[in-house]
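What you see below is based on every heavy atom in this structure, not just the backbone, and it leaves out hydrogens, waters and symmetry mates.
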Amino acid sequence: MTAPTEHDLEIIAEQLGRAPRGVLAVAYRTPDGLPAVVKTAPRLPDGTPFPTLYYLTDPRLTAEASRQESAGVMREMTERLQNDPELAAAYRAAHESYLAERDEIESLGTDFSGGGMPDRVKCLHVLIAHSLAKGPGVNPFGDEAVALAADAGLRGTAIPADWPAARSTAEER
């Protein structure tokens, strides 16, 4: 993670189509050097609570997250979550880690972390951002969605070339 430069903030504004708010750090840069995930303050400068600690900004990644959501990936992941206690425990641990990290900055007095964690899969944008910011092994569904994005042609440009492959159940899609 690095403090955002003025140039980073200009790129992020271009990516978002608006001025970024509450950016604390660039949490992930793509292999081609662009900021792609920002770490955002739990409260925006105007005081509005913003529970999404990691925010996806790269248009290639946001488009891929939307494509996966439209393809039913979230529904399939939520079904697996309900039937796999080990997966559910790993997803809950990701949620707890996310909350703890956000609360170190400022507690919002809520257990909402984003992305549907820990009981369902609701937003792949948040989960992808979390996985890219923290690296593989922290958020199982984020990791899987990143792997799917890599397989969809983003490996080596928006996704690290060495990102682990998708699990076999996801590969069967």
Closest heavy-atom contact between [X] and [Y]?
X      : Y      : result
Ala133 : Val37  : CB-CG1, 4.2 Å
Pro140 : Ala94  : CD-CB, 4.4 Å
Pro4   : Ala25  : CD-CA, 3.8 Å
Thr30  : Ala36  : CG2-CB, 3.6 Å
Tyr91  : Pro118 : CD2-O, 3.3 Å
Arg29  : Val26  : CG-CG1, 3.8 Å

Side chain to side chain, [X] and [Y], heavy atoms closer than 4.5 Å:
X      : Y      : result
Tyr28  : Pro160 : yes
Trp163 : Asp143 : yes
Glu14  : Glu10  : no

When you measure from the side chain of [X] to the backbone N and O of [Y], does any donor-acceptor pair fall under 3.5 Å?
X      : Y      : value
Arg102 : Pro42  : no
Ser66  : Thr62  : yes
Asp151 : Leu148 : no
Gln15  : Leu34  : no
Thr157 : Leu154 : yes
Ser97  : Ala93  : no

Could you tell me whether Asp162 and Arg155 make a salt bridge, using a distance below 4.0 angstrom between a side-chain N and a carboxylate O?
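Looking at Arg155 together with Asp162, the answer is no, because their closest N to O distance does not fall below 4.0 Å.
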Any carboxylate oxygen within less than 4.0 angstrom of a Lys/Arg side-chain nitrogen, looking at Asp46 and Arg21?
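Between Arg21 and Asp46 there is no salt bridge, as every charged N stays at least 4.0 Å from the carboxylate O atoms.
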What distance do [X] atom [atom1] and [Y] atom [atom2] have between them, rounded to the nearest 0.5 Å?
X     : Y      : atom1 : atom2 : value
Thr78 : Phe141 : OG1   : CZ    : 7.0 Å
His7  : Ile12  : NE2   : CD1   : 10.0 Å
Arg80 : Leu87  : CZ    : CG    : 5.5 Å

Taking the inter-plane angle between the rings of Tyr54 and His130 on a 0 to 90° scale, is it parallel (under 30°), tilted (30 to 60°) or perpendicular (over 60°)?
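Aromatic pair Tyr54/His130 classed parallel.
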Looking only at side-chain N and O atoms, does Ser131 offer a donor or acceptor that is under 3.5 Å from a partner on Asn139?
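There is no such pair (donor and acceptor under 3.5 Å, judged by atom type) between the side chains of Asn139 and Ser131.
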Applying a strict under-4.5 Å side-chain criterion to I, L, V, M, F, W and Y, I'd like to know whether [X] and [Y] cluster together.
X      : Y     : value
Leu127 : Tyr55 : no
Leu81  : Leu99 : no
Leu53  : Met1  : yes
Met117 : Met74 : yes
Leu16  : Leu9  : yes

Kindly indicate, with the supporting measurements, whether the criterion side chain to side chain contact (heavy atoms under 4.5 Å, CB included) is fulfilled by Leu132 and Ile159.
CA-CA 8 Å; Leu132 288 171; Ile159 305 291; 4.3 Å; yes
Over 12 non-hydrogen atoms of neighbours within 6.0 angstrom of CZ in Arg120
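Not buried by this count: 12 neighbours or fewer within 6.0 Å.
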side-chain hydrogen bond (donor to acceptor under 3.5 Å, both in side chains) with His125: which of Gln68, Glu64, Glu69?
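Only match with His125 under side-chain hydrogen bond (donor to acceptor under 3.5 Å, both in side chains): Glu69.
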Output, in order, the C-alpha distance, side-chain angles, deciding distance and verdict of side chain to side chain contact (heavy atoms under 4.5 Å, CB included) for Arg92 and Glu96.
CA-CA 6 Å; Arg92 178 165 293 283; Glu96 291 168 358; 3.3 Å; yes
